[in-house]
Amino acid sequence: MTDISHSPTDAAPRRDFIRELVAEDVATGRFGRAPATRFPPEPNGFLHLGHAKSICLNFGIAREFGGTCNLRFDDTNPATEDVKYVEAIKRDVQWLGFTWDGEYYASDYFEQLYEIAESLVLKGLAYVDSQNEEEIRTNRGTVTSPGVPGPYRDRSVEENLDLLRRMKAGEFADGTHVLRAKIDLAHPNMIMRDPVLVRIRHAHHYRRGDAWCIYPLYDFAHGLSDAIEGITRSLCTLEFKDNRDIYDWLVQHAGFTSPPTQIEFARLELDYTVLSKRKLLRLVNEGYVRGWDDPRMPTIAGLRRRGVRPEAIRTFADTIGVARKDARIELATFEHTVRDDLNMEVPRVLCVLEPLKVTLTNWPEGHVEMLDASSYPHDVPKTGSRPMPMSRELFIDRNDFMEDPPKKFHRLSPGAEVRLRFGYIIKCEEVVKDDAGNVIELRCTYDAETKSGGSSDRKVKGTIHWVSAAHAHRCEVRLYDRLFSVPDPDDRPEGEDFTTVLNPDSLVTHADAVIEPSVLTDPIGSRYQFERTGYFISDVEDSTPQRLVFNRIISLRDGWAKELKKG
RNA sequence: UGCCCCUUAGCUCAACUGGCAGAGCGUCUGACUCUGGAUCAGAAGGUUCCUGGUUCGACCCCAGGAGGGGCAACCA
């Protein structure tokens with residue numbers, strides 16, 4: 001505190017190693033232009049939390065350094081891509097709160113890429129290989145043994161050029177020829193053993209139609225697309241580290257001056273879920289979830305429907321940081337971020353998931369009292385309240401009553417007292433059961449002196465939520481939980497896959513819940529805290545004005561559950 | 001039996017580039033409470049993967065080793 005040189009104002013903001021490098025670029029003027037990044041999804045699936053990390057990084061850097069960030073679709077594989085994914089991706093990026101500078105498609109670069117392919121042939125740096133896939137693989141060697149040159153490696157420039165042009169013209173069938181970079185079949189980096197650049201695919205492309213029958217591969221298209229767009233730093237995940245050699249080789253030999261440089265960072269892994277498009281696609285296709293936007297999915301669309309706010313996702317991305325080592329994040333870290341975001345934002349309401357009827361025997365028949373219920377707790381800097389009707393017959397949650405309670409159970413039990421939130425202290429006088437012995441009603445008395453906010457200094461240990469029976473609205477409440485029952489669903493014994501550890505209780509539906517009437521005037525898609533239960537949103541797809549459906553976004557931290565676990 | 005990357009608290013990251021290893025989350029304890037939430041206070045938790053070396057001084061530099069991960073698609 002006494003050292004003025006360390007005052008908060010000149011404390012350097014905490015930076016990850018990538019921002020460190022970008023700051024250096026800016027300081028040294030390395031690229032001679034403002035930092036330029038891009039988010040390069042392939043339109044073959046929906047975006048998920050892992051992509052959100054990359055989106056926040058790429059767009060965040062552009063924003064912080066006064067640079068630009070493009071959205072570029074890496075659409076070089078006609079077999080798997082679709083315009084519906086393009087649309088979903090654009091919607092998700094916007095929803096996360098980012099605006100791209102340029103919207104580009106690798107498929108728009110096919111012409112330029114082809115020109116570069118010819119130029120590489122002319123320089124003797126690429127050749128047409130006519131081995132089949134199997135032969136190419138065999139002759140590439142293995143990680144521990146060098147590959148050997150194939151029989152077509154030393155074709156003349158003229159022959160290569162002729163073959164390449166005829167490939168483009170559609171003279172050959174799929175798989176008969178490929179264009180390969182001519183580098184070194186014995187290169188210690190497998191990626192550099194004459195990587196395939198272009199393959200023949202007589203397939204319809206969702207954007208280019210049938211204009212092309214040859215398509216570039218990732219290595220050929222990606223770095224060159226970056227270079228064409230004037231990207232400075234090309235951010236990608238760790239598994240592309242080895243690809244950096246071919247990235248650099250290509251931008252150099254294509255003649256780009258001041259080309260982009262690739263930097264790799266660790267992809268996100270989150271406990272109790274999977275973050276791979278391939279696996280998420282299986283969950284959708286095999287019916288384990290109800291679609292890409294199922295609220296249990298870690299997709300952006302799923303999180304949006306679940307009710308998570310984009311602010312929370314951005315905060316999460318900041319929290320986990322960016323590093324060069326594998327990162328598996330605890331679910332608690334994500335959940336804390338979601339709760340923390342909602343806590344300050346959303347109004348509180350009362351909703352009873354499993355109604356148990358309570359009759360207040362000393363409450364005047366037919367009398368309704370309107371209570372004033374504040375919508376925010378004292379420590380949330382928001383104001384507002386709604387009227388809450390109270391009457392002789394109420395519903396409370398079934399699990400707030402125990403006939404034979406353990407110690408420390410501060411809710412209702414025979415002879416015990418509890419406060420009704422915003423209302424009065426009640427005492428359980430009688431338990432009514434049906435013939436099967438099920439508790440079907442509680443007969444209680446209330447203490448008229450103990451109205452909430454009144455002068456009574458009577459204290460009880462517990463406060464419970466409730467809804468007046470005559471004013472209650474039936475609704476459906478869907479409680480979502482983790483999709484998998486183990487932290488790492490990918491870590492399975494031989495022959496078992498991630499679908500064997502799906503959590504059977506990832507969705508629990510309460511079809512006969514009741515909620516206070518005040519929510520009826522809110523638009524569908526409104527978020528709430530159901531007091532003592534969790535945060536919820538009215539489901540945009542399935543709610544109707546007659547029947548609201550609520551998704552649980554996240555539970556509250558549950559001290560009682562912890563108490564139970566301790567025994 | 002190759003090349004590359006990584007290793008600091010349970011988790012995610014710091015440590016001003018060689019100067020007393022810290023923060024957030026989580027955990028535990030306590031206080032308070034008309035949400036068993038939130039909030040507040042406190043605590044525990046470390047051989048900085050190991051072994052050598054350089055140095056007055058090493059998480060940081062050097063050498064060797066261990067462990068984890070990536071690479072042998074005409075996927076990205």
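Order of the sequence lines sets the chain letters (A, B, ...), proteins ahead of strands, with each chain counted from 1.
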Using Watson-Crick and G-U wobble pairs whose two distances are both under 3.5 Å, how do you write the pairing of RNA chain B as dot-bracket, with | for links to another strand? .((((((..((((.....[..)))).(((((.......))))).....(((((..]....))))))))))).....

Where does the angle between the aromatic ring planes of Trp212(A) and Phe110(A) fall among parallel (under 30°), tilted (30 to 60°) and perpendicular (over 60°)? perpendicular

According to the interplanar angle, ranging from 0 to 90°, do the rings of Tyr109(A) and Tyr104(A) count as parallel (below 30°), tilted (30 to 60°) or perpendicular (above 60°)? tilted

Residues in side-chain hydrogen bond (donor to acceptor under 3.5 Å, both in side chains) contact with Arg282(A), at least two apart in sequence or another chain: Glu286(A), Asp497(A)

The side-chain hydrogen bond (donor to acceptor under 3.5 Å, both in side chains) partners of Glu133(A) (sequence neighbours excluded) come to none

Rounded distance in Å between the [atom1] positions of [N] and [M]:
{"N": "C13(B)", "M": "C6(B)", "atom1": "P", "value": "14 Å"}
{"N": "C3(B)", "M": "A21(B)", "atom1": "P", "value": "37 Å"}
{"N": "U54(B)", "M": "A15(B)", "atom1": "C1'", "value": "22 Å"}
{"N": "C49(B)", "M": "A9(B)", "atom1": "P", "value": "8 Å"}
{"N": "A14(B)", "M": "G53(B)", "atom1": "P", "value": "30 Å"}

Ion pair present between [X] and [Y], side-chain N to carboxylate O less than 4.0 angstrom?
{"X": "Arg207(A)", "Y": "Glu81(A)", "answer": "no"}
{"X": "Arg153(A)", "Y": "Asp194(A)", "answer": "yes"}
{"X": "Arg38(A)", "Y": "Glu229(A)", "answer": "no"}
{"X": "Glu171(A)", "Y": "Arg166(A)", "answer": "yes"}
{"X": "Arg328(A)", "Y": "Asp271(A)", "answer": "yes"}
{"X": "Arg458(A)", "Y": "Glu417(A)", "answer": "yes"}

From Arg233(A), Arg244(A), Arg72(A), residue fulfilling salt bridge (charged side-chain N to carboxylate O under 4.0 Å, His left out) relative to Asp226(A): Arg72(A)

What pairs of nitrogen or oxygen atoms, one from the protein and one from nucleotides 38-41 of chain B, lie under 3.5 Å apart?
residue	atom	partner	partner atom	Å
A38(B)	OP1	Arg557(A)	NE	3.2
A38(B)	OP1	Arg557(A)	NH1	2.8
A38(B)	O2'	Asn343(A)	ND2	3.3
A38(B)	O2'	Asp379(A)	OD2	3.2
A38(B)	N3	Asp379(A)	OD2	2.7

Kindly write out the residues that satisfy salt bridge (charged side-chain N to carboxylate O under 4.0 Å, His left out) with Arg309(A), not counting sequence neighbours, or none if the list is empty. Glu311(A), Asp341(A), Glu345(A)

Looking at residues at least two apart in the chain, or sitting in another chain, which of them share a salt bridge (charged side-chain N to carboxylate O under 4.0 Å, His left out) with Asp75(A)? none

Could you check which of [options] has an atom nearest any side-chain atom of [X]?
{"X": "Gln529(A)", "options": "U1(B), U35(B), C74(B)", "result": "U35(B)"}
{"X": "Ala332(A)", "options": "U35(B), C13(B), G26(B)", "result": "G26(B)"}
{"X": "Glu330(A)", "options": "A76(B), C25(B), U12(B)", "result": "C25(B)"}
{"X": "Pro377(A)", "options": "U12(B), G37(B), C25(B)", "result": "G37(B)"}

Regarding Asp174(A), tell me which of base, sugar-phosphate or nothing describes its non-hydrogen contacts under 4.0 Å with the strands shown. nothing

Heavy atoms only, 4.0 Å cut-off, all strands: where does Leu420(A) land among base, sugar-phosphate and nothing? nothing

Any side-chain N or O of [X] less than 4.0 Å from the OP1 or OP2 oxygen of [N]?
{"X": "Thr319(A)", "N": "C25(B)", "value": "no"}
{"X": "Arg328(A)", "N": "C11(B)", "value": "no"}
{"X": "Lys325(A)", "N": "U8(B)", "value": "yes"}

Whole angstroms only, please: what is the [atom1]-[atom2] distance between [X] and [N]?
{"X": "Arg532(A)", "N": "G37(B)", "atom1": "CZ", "atom2": "P", "answer": "10 Å"}
{"X": "Arg348(A)", "N": "U35(B)", "atom1": "CZ", "atom2": "P", "answer": "11 Å"}
{"X": "Glu335(A)", "N": "G26(B)", "atom1": "CD", "atom2": "C1'", "answer": "12 Å"}
{"X": "Tyr215(A)", "N": "C74(B)", "atom1": "OH", "atom2": "C1'", "answer": "14 Å"}
{"X": "His222(A)", "N": "A73(B)", "atom1": "NE2", "atom2": "P", "answer": "21 Å"}
{"X": "Lys168(A)", "N": "C74(B)", "atom1": "NZ", "atom2": "P", "answer": "24 Å"}
{"X": "Glu345(A)", "N": "G37(B)", "atom1": "CD", "atom2": "C1'", "answer": "17 Å"}
{"X": "Leu556(A)", "N": "U33(B)", "atom1": "CG", "atom2": "P", "answer": "20 Å"}

Does CD belonging to Glu449(A) count more than 12 external heavy atoms closer than 6.0 Å? no

Atom pairs under 3.5 Å: protein N/O with N/O of nucleotides 65-72 of chain B:
residue	atom	partner	partner atom	Å
G70(B)	N2	Asp242(A)	OD2	2.8

Under the ring-ring contact (aromatic ring centres under 6.0 Å, His included) test, residues paired with Phe172(A) that sit two or more places apart: His177(A)

Partners of Tyr105(A) by ring-ring contact (aromatic ring centres under 6.0 Å, His included), sequence neighbours excluded? Phe73(A)

Enter syn or anti for the glycosidic conformation of A72(B), syn applying to angles within 90° of 0. anti

RNA chain B: Gln131(A) or Glu531(A), which has the more 5' nearest nucleotide? Glu531(A)

Heavy-atom nearest nucleotide on RNA chain B taken for Glu133(A) and for Phe17(A); more 5' hit belongs to Phe17(A)

Go through residues 194-207 of chain A and report each residue with a non-hydrogen atom lying under 4.0 Å from RNA chain B, sorted by number. Val196(A), Arg199(A), Arg201(A)

Taking only heavy atoms on the protein side, list every residue of residues 263-276 of chain A lying under 4.0 Å from any atom of RNA chain B, sorted numerically. none

Here the salt bridge (charged side-chain N to carboxylate O under 4.0 Å, His left out) pairs for residues 182-193 of chain A, sequence neighbours left out, are Asp154(A)-Lys182(A)

Taking the six-membered ring for Trp, are Tyr446(A) and Tyr424(A) ring centroids under 6.0 Å apart? yes

